[in-house]
Amino acid sequence: MFPKPKTGVAGAFALCALTGAVLASPARASDGDGSLAPYEAHIVARAGVELRTGPSYEFSAVGSKGYGAVVGIVCRLNGQKVEGNRVWYKLSDSSYVWSSERHIVRVGQEPPRWC
């Protein structure tokens, strides 16, 4: 009654086509303007991080991500200095989050591009 499991890219595509499923990766999520977020990171701050509308604590908080959450990063930019670090990340959902390497750990060696 159900199709046999397939392997490889073609098999995954065929299975998705048959079931109507969509494959997506957080690091390739749309950032709202049609471009894709090419970088992935994990939240490692035990208390999580707050998401903001801009790269400063003066911008409104619009949500949060908890410990262990995976986020897509579109780019990095300099914003308000926090704990001696000015780097903020623009996430794939168009929010901004400040981070030192103690709060967000990127997947891969290449740092995100500058906005």
Any side-chain to backbone donor/acceptor pair from [X] onto [Y]? Under 3.5 Å, distance only.
X: W98; Y: N85; result: yes
X: W88; Y: S56; result: no
X: Q80; Y: Y57; result: yes

When rounded to the nearest 0.5 Å, the distance separating CG of L91 from OH of Y96 is 9.5 Å

Taken to the nearest 0.5 Å, the spacing of R113 CZ from Y39 OH works out to 7.0 Å

Per-pair distances, 0.1 Å, donor-acceptor, side chain in residues 61-78, under 3.5 Å, sequence neighbours excluded:
| residue | atom | partner | partner atom | Å |
| --- | --- | --- | --- | --- |
| R76 | NE | P112 | O | 2.6 |

For Q109 and R106 the tightest heavy-atom approach is O-NH2, 4.2 Å

Residues R86 and K81: closest non-hydrogen pair is NH1-N, 3.7 Å

Contacts of T53 meeting side chain to side chain donor-acceptor pair (under 3.5 Å) (sequence neighbours excluded), chain-then-number -> none

So salt bridge (charged side-chain N to carboxylate O under 4.0 Å, His left out) across residues 41-55, not counting sequence neighbours, yields E50-R52

